[in-house]
Asker: 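Okay, handing you the structure first.
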Number of protein chains: 2
Amino acid sequence: MHRTHTCGELSLSDLGKEVTLAGWVQKSRDLGGMTFIDVRDRYGITQLTFNADDDATLRANARELGREYVIKVNGKVIERSSKNLKIPTGEVEIKVSSLEVLNSAKLPPFLIEDETDGGDDLRMKYRYLDLRRNPVRNNLVLRHKMAQEVRKYLDGLNFIEVETPVLIKSTPEGARDFVVPSRMNPGEFYALPQSPQTFKQLLMVSGVDRYFQIVKCFRDEDLRADRQPEFTQIDCEMSYIEQEDILNVFEGLIRHLFKAVKGIDLAEVPRMSYADAMRLYGSDKPDIRFGMQFVELNDVVKGVGFPVFDNAELVVGINAKGSAEYTRKQLDELTDFVKRPQIGATGMIYCRHNADGLKSSVDKFFNEDELKKWSAAFNSEVGDLMLILAGPADKVRKQLNELRLEMGTRLGLRDKNTFAPLWVLDFPLLEWDEETERYHAMHHPFTSPKPEDIALLDSKPGEVRANAYDMVLNGTEIGGGSIRIHDRALQSLMFKHLGFSPDEAQKQFGFLLDAFEYGAPPHGGIAFGFDRLCSLFAGLDTIRDVIAFPKNNSGRDVMIDSPSTIDDKQLNELKIKSTI
Amino acid sequence: MHRTHTCGELSLSDLGKEVTLAGWVQKSRDLGGMTFIDVRDRYGITQLTFNADDDATLRANARELGREYVIKVNGKVIERSSKNLKIPTGEVEIKVSSLEVLNSAKLPPFLIEDETDGGDDLRMKYRYLDLRRNPVRNNLVLRHKMAQEVRKYLDGLNFIEVETPVLIKSTPEGARDFVVPSRMNPGEFYALPQSPQTFKQLLMVSGVDRYFQIVKCFRDEDLRADRQPEFTQIDCEMSYIEQEDILNVFEGLIRHLFKAVKGIDLAEVPRMSYADAMRLYGSDKPDIRFGMQFVELNDVVKGVGFPVFDNAELVVGINAKGSAEYTRKQLDELTDFVKRPQIGATGMIYCRHNADGLKSSVDKFFNEDELKKWSAAFNSEVGDLMLILAGPADKVRKQLNELRLEMGTRLGLRDKNTFAPLWVLDFPLLEWDEETERYHAMHHPFTSPKPEDIALLDSKPGEVRANAYDMVLNGTEIGGGSIRIHDRALQSLMFKHLGFSPDEAQKQFGFLLDAFEYGAPPHGGIAFGFDRLCSLFAGLDTIRDVIAFPKNNSGRDVMIDSPSTIDDKQLNELKIKSTI
């Protein structure tokens, strides 16, 4: 037997026991005739002692152990003279009677400690060593726990987890599909699913009633925005429900996760329409850990003769409370921030609410009386700073959203340990795509329009609202879904509006359209981005750190050096050839 | 709200309640002025009544409902006059006050009942309708429950589930790899994993200590033998363990599953060496639901002058107890059975143990005294039938294995509700491949040889035993694993014996060999075939029926018509072209 206990479990109640431990040498130090070694495993660290007076050879062997050597020791649990109360095992140590080296170790390329000296690239190449560090490995433990709790909650509500296929069919919209040549069917390809959408809908037609799956999905696209070519969803679908049922069940899921994993009692999740989210935060995923809602100023600031405002479609601002003492330099930084090409504002107007009055950057155009109207609109108090942008409504809202988030960060209002979830509802069904000059489904083609808006499909397609909803957490979309179409005629109408000919629709989605004719129940669902959810729970900025073996921005696994070329024999068998 | 209750939950305790139900019309019948409709969902069936005296229009509408229409009704729970005690809801019915058709349904292509009239092909094409049938959908529910219980058991033992990548690296041995062209890395390919083997070993190097994953794996190979191109494993790995620890933990898993899912207290799982399994059953996966062990007869039957025996490497038989009254015709059937090309015996000798003495098919060569020696060897009694084959040892054992299984089936000894698991241990490390004329790893290249056999690697590679083990259930291998090599030098030696040059080994598995140098702990693991395990639990002959959307023998999903051709634009972007 390699061990009787882990390195994280011995305490004073084990005094006198003869134990066997195994693990990695964390560190080693000499003190007089003694050698102390910390041995580490996933569960903790235990101190080993070797005394030259008892056994000089044993102690000499211990002194030769390098960092990360794998050892096994027998010994007796004794009380430590100098206790370390920071760790659970810190009141005891093992007086070692025998030592075996199970494996040696080269010097690791970076320190295996909570704070390491390894750069990103090195840690990715030696990911198996980076995972030895507690903060990294703990993310995997957290992820495991979250998956277990998701399953526990949904199982308790009669959901069943059904595995849907990974080798599915490519679709023309699947411009970002990964494809897989079939050896048995030469010239033909499978695709890897971007989501199990159609399968979970078919499961509803099957009467599965409540489905979920924690499932890998795949998208071959630009990875710069903290994305991964393979990612994991909590994918869910329910029959005989309305939107309200979905919101309740999955708000319950999030509340359960916070309670079970983080011990947090989450308050009821507020709800906001897409229209309000855009109006008040300039974003369909507002970070509501802090207020600083948009204040629209057209009625207040126009007509005074300041052309920037007079010519703008929308003048809108935020009140950065308590920031009136921002220096000129700080304000210039903010102006530079909003003028960055990726944000694109042309400038920023501000107004300080000082103890001695209101002071704006456009005093030439606005006198004290005018500024008082501003103050009233912003509900400002002494010490506040009003920041204002002007321009085309859609653009200026997006710009002000960035400024608001920046101010939230600067003011420390975006604490990673504060969690503010939000339902955003009533998304538009369609969005106009400038590039292809046609409407696209904002969520996906299976999303149901609101019944009262169906009549607008022909006349004002952009105004049709969907029975679609997103869950947002701290400004990040963590899940989204919709009530689906379950009627063949309506689904065909949707395909028509999305530019499919009837033939194309039948060729691509005939199996689903056909299924709708055999008694499809009303249904809807949601999918959560599990990687993102885990990273938010872990307080991390990137999803990479909650993935055991992530790929880099080029879609490469630098540890195993993949993707890679394959030999011609394999390509010949698959009846394909590379055109590079 | 679409329903207040499911169709499976109302009982006498709900009498008088106003309820809303939704589901599919299972069947409809008229009786006098009444119409009775069974409405069905995943949870059960409830009877609805419509009375023309109360509401003639409502009843007329009810009469127009077709099978599989999706309906929603309001009504009152009343006591049934004619009770059906076979179903939980059979003591009540709903006196319907309003009816809404949520969706109509075309006549299904086959009956949606436990016994259907649909052929295999039709049911695969309309899999979503086949899944509506209780016996099929119940398999998915069973599978869900098994997965939940696997996770519960392993979580309780500190295993963590870690997701390993699906897009990995192709290996030259990966002749059956599915590959995936990378858009971001033109000319390069990912491969889909045949198992997460190297990743789980790296997780052990990482100190994850106890890993599991219920994970999709992929193999592009001949599917005739009830295989699927994508299949699911319960994949597990542990550090600081020996074979005995693995056997105990995973015997515990199987016992837990039987208890939790089927309410069966499984006895301790017996263990048998590979050598014994081959000698006593002619198979490395013996079905031990019944005895009928092989009896070797070389010492008993040779030298009497019967050339078939005298010239054979091995004469071996089984005692089919109680089958002495087999007719000549039945015996001819058995002879024909073993002479089938896929079994390949040249003939079969038998000996009846009748009340009036022993009667063999080779009386010309063996007199009563000789036959008494046979009887003693077989331990036969009056009424028994001895069946004997002769030939080259390896071949004749395989043939007799088939005959034994056939006799077990004929004698009703292979009941699907009897469960006899078995550990088979001490597998050979290597097996000779006639085709490539070299040794292959019997399990995989990472399997550890037994330390005491390492010295034989050069001289008698075929005799080296591995620390490898299979779990067998009712004659089917359900899981297999091994203690792994964790030492770079030994792993390199293994690669050498498997015909890798040092360069090839480094190119393909350098990341693992390197990892072994940084303090790899002793480790080992096992993987269970989850589809197979579920099918055995469900008493099914094929894994297809425990898979929601299986593929056919050609690897096709006939429902969605996949794989399929993809357009040239997509191929161009991927920098590949079809050579068909």
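What's counted below: heavy atoms across the whole structure, side chains too, no hydrogens, waters or symmetry copies. Letters A, B, ... mirror the listed sequences (proteins, then strands); counts begin at 1. Since the structure is predicted, the reported quantities are computational estimates derived from the model, not experimental observations.
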Asker: Would you find a donor on one side and an acceptor on the other, under 3.5 Å apart, between the side chain of B:Arg183 and the backbone of A:Phe178?
Answerer: no

Asker: Quick one: of B:Leu571, B:Val166, B:Val208, B:Asp41, who has the most non-hydrogen atom pairs under 4.5 Å with chain A?
Answerer: B:Val166

Asker: Using the salt bridge (charged side-chain N to carboxylate O under 4.0 Å, His left out) criterion, which residues pair with A:Asp557? Sequence neighbours excluded.
Answerer: none

Asker: Given that the side chain runs from C-beta out, which part of B:Asn553 has a heavy atom under 4.5 Å from chain A: side chain, backbone, both or neither?
Answerer: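 For B:Asn553, the contact with chain A is made by the backbone alone.
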
Asker: Starting at NZ of A:Lys577, measure out to OG1 of B:Thr579 and round the result to the nearest 0.5 Å.
Answerer: 7.5 Å

Asker: Against chain B, label A:Phe231 side chain, backbone, both or neither, depending on which of its atoms sit under 4.5 Å from a heavy atom there.
Answerer: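 When you check distances to chain B, no heavy atom of A:Phe231 falls under 4.5 Å.
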
Asker: Please look at A:Lys216 and chain B and tell me whether the side chain, the backbone, both or neither of the residue comes under 4.5 angstrom of a heavy atom of that chain.
Answerer: side chain

Asker: Identify which part of A:Thr565 has an atom lying under 4.5 Å from any heavy atom of chain B, answering side chain, backbone, both or neither.
Answerer: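 The answer is both parts of A:Thr565.
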
Asker: Please determine if A:Glu163 and B:Arg143 form a salt bridge, counting it only when a charged side-chain N lies under 4.0 Å from a carboxylate O.
Answerer: yes

Asker: Given 3.5 Å as the limit, does a donor-acceptor pair link the side chain of B:Glu517 with the main chain of A:Ala105, or not?
Answerer: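 Looks like no, no N/O pair under 3.5 Å.
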
Asker: If you count heavy-atom pairs within less than 4.5 Å of chain A, which of B:His486, B:Glu221, B:Arg488 leads?
Answerer: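 Winner by heavy-atom pair count: B:His486.
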
Asker: Heavy-atom distance under 4.5 Å between the side chains of B:Ile566 and A:Asp177, does that happen here?
Answerer: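 Not in contact.
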
Asker: Side chain, backbone, both or neither: which part of B:Ile241 has an atom under 4.5 Å from a heavy atom of chain A?
Answerer: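 Backbone only.
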
Asker: Tell me, side chain or backbone of A:Leu192 under 4.5 Å from chain B's heavy atoms, or both, or neither?
Answerer: side chain

Asker: Mind listing the closest non-hydrogen atom pair of B:Tyr128 and A:Val205 along with its distance?
Answerer: CD1-CG1, 3.9 Å

Asker: Go through A:Ala22, A:Gly187, A:Ala548, A:Pro563 and name the one with the most non-hydrogen pairs under 4.5 angstrom from chain B.
Answerer: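 Heavy-atom pairs under 4.5 Å are most numerous for A:Pro563.
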
Asker: Which bit of B:Val25 is near chain A, if near means a heavy-atom gap under 4.5 Å: side chain, backbone, both or neither?
Answerer: neither

Asker: Hey, are the side chains of B:Asp514 and A:Lys106 touching, using non-hydrogen atoms and a 4.5 Å cut-off?
Answerer: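 Not in contact.
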
Asker: For B:Asp487 and A:Asn103, indicate whether the former's side chain and the latter's backbone hold a donor-acceptor pair under 3.5 Å.
Answerer: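 It does not hold such a pair.
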
Asker: With only heavy atoms counted, which part of B:Arg210 is less than 4.5 Å from chain A, the side chain, the backbone, both or neither?
Answerer: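 For B:Arg210, the contact with chain A is made by backbone and side chain together.
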
Asker: What's the spacing between A:Phe189 CZ and B:Gln570 CD if we round to 0.5 Å?
Answerer: 9.0 Å

Asker: Output the option from A:Val136, A:Ile547, A:Leu107 having the highest count of non-hydrogen pairs under 4.5 Å with chain B.
Answerer: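 Answer, by heavy-atom pair count under 4.5 Å with chain B: A:Leu107.
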
Asker: Can B:Arg176 and A:Glu573 be said to form a side chain to side chain contact (heavy atoms under 4.5 Å, CB included), step by step?
Answerer: CA-CA 10 Å; B:Arg176 297 301 163 202; A:Glu573 276 185 28; 4.0 Å; yes

Asker: Which atoms of B:Tyr211 are under 4.5 Å from chain A, going by heavy atoms: the side chain, the backbone, both sets, or neither?
Answerer: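 For B:Tyr211, there is no contact with chain A at all, as no heavy atom is under 4.5 Å.
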
Asker: Just verifying a value: how many Å separate B:Lys575 NZ and A:Ser578 OG, rounded to the nearest 0.5 Å?
Answerer: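 Answer for the NZ-OG pair, B:Lys575 versus A:Ser578, is 9.5 Å.
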
Asker: Please classify the contact of B:Thr198 with chain A as side chain, backbone, both or neither, using a heavy-atom distance under 4.5 Å.
Answerer: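 Neither part.
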
Asker: So does B:Arg137 pair up with A:Asp209, basic N to acidic O under 4.0 Å?
Answerer: no

Asker: Which answer fits B:Pro522, side chain, backbone, both or neither, if we ask what part of it has an atom under 4.5 Å from a heavy atom of chain A?
Answerer: side chain

Asker: Pick from A:Ile71, A:Asn572, A:Asn158: which one has the most heavy-atom pairs with chain B under 4.5 Å?
Answerer: A:Asn158

Asker: Provide the closest heavy-atom pair for A:Glu230 versus B:Leu167 in the form atom of the first, atom of the second, distance.
Answerer: OE2-N, 2.8 Å

Asker: Among the options A:Val141, A:Val70, A:Leu102, A:Ile560, pick out the one with the most heavy-atom pairs lying under 4.5 Å from chain B.
Answerer: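 If we count pairs closer than 4.5 Å to chain B, A:Ile560 comes out on top.
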
Asker: Heavy-atom cut-off 4.5 Å, strictly under: side chain, backbone, both or neither for B:Ile112 against chain A?
Answerer: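 Neither part.
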
Asker: Are A:Tyr126 and B:Tyr518 close enough that their ring centers fall under 6.0 Å?
Answerer: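 Ring centroids of A:Tyr126 and B:Tyr518 are less than 6.0 Å from each other.
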
Asker: Name the region of B:Asp561, side chain, backbone, both or neither, that has any atom closer than 4.5 Å to a heavy atom of chain A.
Answerer: both

Asker: Chain A: which of B:Arg556, B:Arg127, B:Glu68 shares the most heavy-atom pairs with it under 4.5 Å?
Answerer: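 The residue among B:Arg556, B:Arg127, B:Glu68 with the greatest pair count is B:Arg556.
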
Asker: Can you tell me which of B:Ser239, B:Gly207, B:Pro108 forms the most heavy-atom pairs within a distance under 4.5 Å of chain A?
Answerer: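 Top option by heavy-atom pairs under 4.5 Å: B:Gly207.
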
Asker: Which residues in residues 144-152 of chain A have a heavy atom less than 4.5 Å from any heavy atom of chain B?
Answerer: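 Heavy-atom contacts from residues 144-152 of chain A to chain B are A:His144, A:Gln148, A:Arg151.
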
Asker: Could you grab the distance from atom CD1 of B:Ile580 to atom CD1 of A:Ile576, nearest 0.5 Å is fine?
Answerer: 10.5 Å

Asker: Is there a side-chain contact between A:Leu131 and B:Leu203 in this structure, where contact means two heavy atoms from C-beta onward sitting under 4.5 Å apart?
Answerer: yes

Asker: Evaluate the criterion side chain to side chain contact (heavy atoms under 4.5 Å, CB included) for residue pair B:His2 and A:Asp245; output intermediate values, then yes/no.
Answerer: CA-CA 10 Å; B:His2 281 302; A:Asp245 302 298; 5.7 Å; no

Asker: When rounded to the nearest 0.5 angstrom, what is the spacing between CZ in B:Phe218 and OH in A:Tyr190?
Answerer: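 Taking CZ in B:Phe218 and OH in A:Tyr190, the distance rounds to 11.0 Å.
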
Asker: Please classify the contact between A:Arg40 and chain B as side chain, backbone, both or neither, with a heavy-atom cut-off of under 4.5 Å.
Answerer: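 For A:Arg40, neither part sits under 4.5 Å from chain B.
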
Asker: Tell me which of these, B:Gly66, B:Pro186, B:Ser182, B:Pro229, has more heavy-atom pairs under 4.5 Å with chain A than the rest.
Answerer: B:Pro186

Asker: For B:Lys125, does the NZ atom sit with more than 12 other heavy atoms under 6.0 Å from it, leaving out its own atoms?
Answerer: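 For B:Lys125, atom NZ is not crowded (no more than 12 foreign heavy atoms under 6.0 Å).
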
Asker: For the candidates A:Pro165, A:Ser564, A:Gly23, A:Ser562, which exhibits the highest count of non-hydrogen atom pairs separated by less than 4.5 Å from chain B?
Answerer: A:Ser564

Asker: Heavy atoms only, distances under 4.5 angstrom: which of B:Asp130, B:Leu140, B:Asp155, B:Val162 has the most pairs with chain A? Name it, please.
Answerer: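 The option with the most such pairs is B:Asp155.
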
Asker: Heavy-atom distances under 4.5 Å only: say whether B:Tyr43 touches chain A with side chain, backbone, both or neither.
Answerer: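 Only the side chain of B:Tyr43 comes within 4.5 Å of chain A.
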
Asker: To the closest 0.5 Å, what do you measure between CG (B:Leu202) and CG (A:Leu129)?
Answerer: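 Reported to 0.5 Å precision, the distance equals 9.5 Å.
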
Asker: Heavy-atom cut-off 4.5 Å, strictly under: side chain, backbone, both or neither for B:Leu574 against chain A?
Answerer: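 Answer is side chain: those atoms of B:Leu574 sit under 4.5 Å from chain A.
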
